[in-house]
Amino acid sequence: MTIHHTDVGAALTSGVSPRVQALVAEMTLDEKLAQLVGYWVDQGDEVVAPLSGEKITSAAYADATVHGLGHLTRVYGTRPVDPIERAEWLWGEQRRLKTETRLGIPAIVHEECLTGFAAWKAATFPTPLAWGASFDPDAVELMASAIARSMRDLGVHQGLSPVLDVVRDPRWGRVDECIAEDPYVVGTIGTAYVRGLQGAGVHATLKHFVGYSGSRAGRNHAPVSAGPRELQDVFLPPFEMAVRDGGARSVMNAYVEIDGVPIASSPEIFTDLLRRRWGFDGTVVSDYFAVEFLRSMHGIAGSLGEAAQLALEAGIDVELPGPDAYPHLAERVASGALPEAVVDRAVARVLAEKEDLGLLDADFADAPTEIDLDEAEHRALAYRLALESAVLLRNDGVLPLAAPGRIAVIGPNADSAEALMGCYSFANHVLAHHPGTPMGFDIPTVREALESRFAAVSYAVGCAAEGDDTSGFAEAAAAARDADVAIVVVGDRAGLFGRGTVGEGNDADSLDLPGAQRQLVEAVVATGTPVVLVLLTGRPYALGWALDGGSGPAAVLQAFFPGEEGGPALAALLAGDASPSGRLPVSLPRSAGAQPYSYLHPLLGGPSGVTSTDPTPVRPFGFGLSYTTFARGELRVDGGGSAADDVPGSGTVAEVRAGDAFTVSARVTNTGARHGADVVQVYAHRAVASVTRPVAALVAYARVDLAPGESAEVRFTVPASRLAYSDRALRRVVEPGEVELRLGPSCAVIDEAVALRITGPTYELSGDDARVVEVEVRRG
């Protein structure tokens, strides 16, 4: 793509204040470039970013800040530092930037916050895959707001979350950071996170823009072979929703290349799409070292200066974590290769963000003297999400444990706090490099939570999470034989770059449980004692052996890294204090070689008589059992008066003009004896279209809590965009034709279905079209 440098000067007159314009005009080139980089003060041998041990920020801190600084990188999240002591240092550093640099501009402080504020002693919430399993955007918004208040109190302005990558291959190590395999679930829950974070004064950073999770063979940083239709229909919608509906203030690039073009060098992505089409006016920051990677990993730049110019021209405003490549822009400007106006464009955006955050007027007079980063509100929200996100996959009647007698708690994750947390939790991200350092907050293990709930509990580890040592099997089997029920807790240990079984850089070529854990479960099952299998994982595993047939565990409960309150929440669910209500945000695969993993597959992606492999998931997207039962029915669709409502059994078909909204309603009733929550799910099936369509695609969902015998009518006002897709000309359109709307407990089960006829000419979506379904729950 040709860069039109004459256009970039408009950045100083469009969308930025006269104050920012005046600041840019006053700056020297050195001062401008200082605003376009971060600095990682504490970076050292700790591996908390890809290849960070090989890419220590080159400039000395004093030299890097003489002209000011754009960002301070991970002030709290690189090593265990006392938050109050660190805040005192930070306030002093910000005062220094105000008083000892010519223009007196403080730095933006950014930090990770995917499962909570990444700081020592801070609350750790469930991992994003658990957010998806909860199907509860409201709870996620509240969680994000609580996280942001802690960050803001300690002087952090920008959070590097949420991750809006749509799950495409569970072998990818970063699945634990993702929300779901459905773009609409990712978009609605991710946007809720953005609203919560930014509503409390911290800017959200959407990542990884775009296509990161589509890497070949689930390998981190691998090339992506996504066509433009997959990009538009699967990868982009969550980001568009978070930008247009959530007002996200920052975006981070994906490391990957798509069809040979590294995303970090793509003006088509960051300028044409993000800014011109979507109207984004915030800042784009590089993922750590991504600018330098254009030279060393992608090979499209011959020098750091060339890499810097490619990224800046594409639309990446700030190089993170430190000044590796962007300082070389001075040479490019001096040689005439890069107009200074391109630099000015990025500087204006950074200063506008600082103005919006109040940094240009902050005096940093008083640092905080006390703070509680794990207060009661944090723990209550962590418990709520942990409780709502656990998915009951199988239950032969052993659960809930009404009067269990003697309980044997077995397994490598039963007494591990680390096993409750994701890869970007402070404990697994940072404390793993500081053995002996206390966690800094309370996080009961599953074993501890069960011991506090039940009287007679024994324990045996059985085996480690990794490795093939089976020497502990005999002790585990003996413990099971002496018990009335055995609770076997297995799964993942999250970590980074080879340390752990899942997490960034920990990709897998198998979807079997790591190490000897399956053999441990089978050995305990063989004792004849009823077994409850509890999974603490960051990805879905191939669990057909445990779920299908009569020889497996009596019950299986899946939890995706449920955080600091995960132990008590799981104990409450096992005891029957609450009913499981999580639903699978990802399909459970049959094996590592059975594609596709996503339920969003066309007819040819499903089972067929012309192939011997069966891609049918062991449990489908949206699946989840309960201790109560639900009846769903009275599905109706109102096309807005263009035809009679579709009444079950009447033979009439509702019509809606392409581009218009319509209403879908259904009734759900708790027909059991326990309180519970159902996730009402409506899917669309289109048999004929101009391009192939998924067998089923989620249109709308709602989480509904119901007392025994209680009913509710759920009404969805569905915008046209929920039935849109990219046609052969790659236009996002709603085409006329027949659509079947399906109501069910998952993507694979239909309780009721009604027809909707779309009429009129093909409708092409615009940015003004609504993207979110309005939900109304009428009880009674």
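Sequence positions, counted from 1, serve as the residue numbers for this chain. Basis for what follows: all heavy atoms, side chains included, without hydrogens, waters or symmetry-related copies.
For His208, the ring-ring contact (aromatic ring centres under 6.0 Å, His included) test picks out Tyr212, with sequence neighbours left out. Legend: residues meeting ring-ring contact (aromatic ring centres under 6.0 Å, His included) with His203, ordered by chain and number and at least two apart, are absent. Considering only residues two or more places apart in sequence or on other chains, Tyr326 meets the ring-ring contact (aromatic ring centres under 6.0 Å, His included) condition with none of them. Every residue two or more places apart in sequence or in another chain was checked for a ring-ring contact (aromatic ring centres under 6.0 Å, His included) with Phe560, and none qualifies.
Of the listed residues (Val163, Leu114, Val140), just one forms a side chain to side chain contact (heavy atoms under 4.5 Å, CB included) with Tyr193, and that residue is Val140. Considering Ile269, Ile263, Val261 in turn, Val261 is the only one that fulfils the side chain to side chain contact (heavy atoms under 4.5 Å, CB included) rule with Ser265. When Phe270, Phe235, Tyr255 are each tested for a ring-ring contact (aromatic ring centres under 6.0 Å, His included) with Phe209, only one passes: Phe270.
Within the model, atoms CZ of Arg195 and CD of Gln198 stand 10.5 Å from one another, a figure rounded to the nearest 0.5 Å. For the atom pair Glu504 CD and Asn220 CG, the distance stands at 5.5 Å (nearest 0.5 Å). Taking CH2 of Trp172 as the reference point, atom CG of Asp507 lies at 8.5 Å (rounded to 0.5 Å).
Residues Arg332 and Glu306 form a side-chain contact, since some pair of their non-hydrogen atoms from C-beta on lies under 4.5 Å apart. Using a 4.5 Å heavy-atom threshold, the side chains of Leu236 and Val210 count as touching. In this structure, the side chains of Thr692 and Leu604 stay at 4.5 Å or more apart for every pair of heavy atoms. Between Pro238 and Val166, the closest side-chain pair of non-hydrogen atoms falls below 4.5 Å. The shortest side-chain heavy-atom distance between Glu735 and Tyr725 falls under the 4.5 Å cut-off. The shortest side-chain heavy-atom distance between Glu319 and Pro327 falls under the 4.5 Å cut-off. In this structure the side chain of Thr73 reaches within 4.5 angstrom of the side chain of His110, judged on heavy atoms. A 4.5 Å side-chain heavy-atom check between Pro321 and Phe289 finds at least one atom pair inside the cut-off.
Looking only at distances, a side-chain donor or acceptor of Arg771 sits under 3.5 Å from a matching main-chain atom of Gly767. With hydrogens and angles ignored, the 3.5 Å screen pairs no side-chain donor or acceptor of Arg295 with any backbone N or O of Ala308. Although no hydrogens or angles enter the test, the distance criterion places a donor-acceptor pair under 3.5 Å between the side chain of Asp492 and the main chain of Gly538. Judged by distance alone, the side chain of Arg539 and the main-chain N or O of Pro170 form a donor-acceptor pair under 3.5 Å. For the pair Arg275 (side chain) and Gly282 (backbone), a donor-acceptor distance under 3.5 Å is present. For the pair Arg349 (side chain) and Thr283 (backbone), a donor-acceptor distance under 3.5 Å is absent. Ser215 places no side-chain N or O within 3.5 Å of a backbone atom of Pro223 that could act as its donor or acceptor partner.
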Candidate pair Tyr288 and Trp40, rule ring-ring contact (aromatic ring centres under 6.0 Å, His included), full reasoning: CA-CA 11 Å; Tyr288 286 12; Trp40 201 343; 5.3 Å; yes
His298/Glu257 under side chain to side chain donor-acceptor pair (under 3.5 Å): CA gap, chis, key distance, verdict: CA-CA 8 Å; His298 295 291; Glu257 59 190 63; 2.9 Å; yes
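Residues Leu698 and Val185 share a closest heavy-atom pair of CD2-CG2, 3.5 Å. Nearest heavy-atom pair across Pro128 and Thr115 is CD-CG2, 4.1 Å. The shortest heavy-atom contact between Gly605 and Pro615 is O-CG, 3.5 Å.
With 3.5 Å as the limit, one finds a donor-acceptor pair spanning the side chains of Tyr701 and Thr188. A donor-acceptor contact closer than 3.5 angstrom is absent between the side chains of Glu353 and Ser250. A donor-acceptor contact under 3.5 angstrom links the side chains of Gln558 and Thr537, judged on distance only.
For residues 214-239, the salt bridge (charged side-chain N to carboxylate O under 4.0 Å, His left out) pairs, not counting sequence neighbours, are Arg168-Glu230, Asp233-Arg732. Applying the side chain to side chain donor-acceptor pair (under 3.5 Å) test to residues at least two apart or on different chains, the pairs with a partner in residues 175-186 are Thr127-Asp176, Arg174-Glu177, Glu181-Ser587, Asp182-Tyr599.
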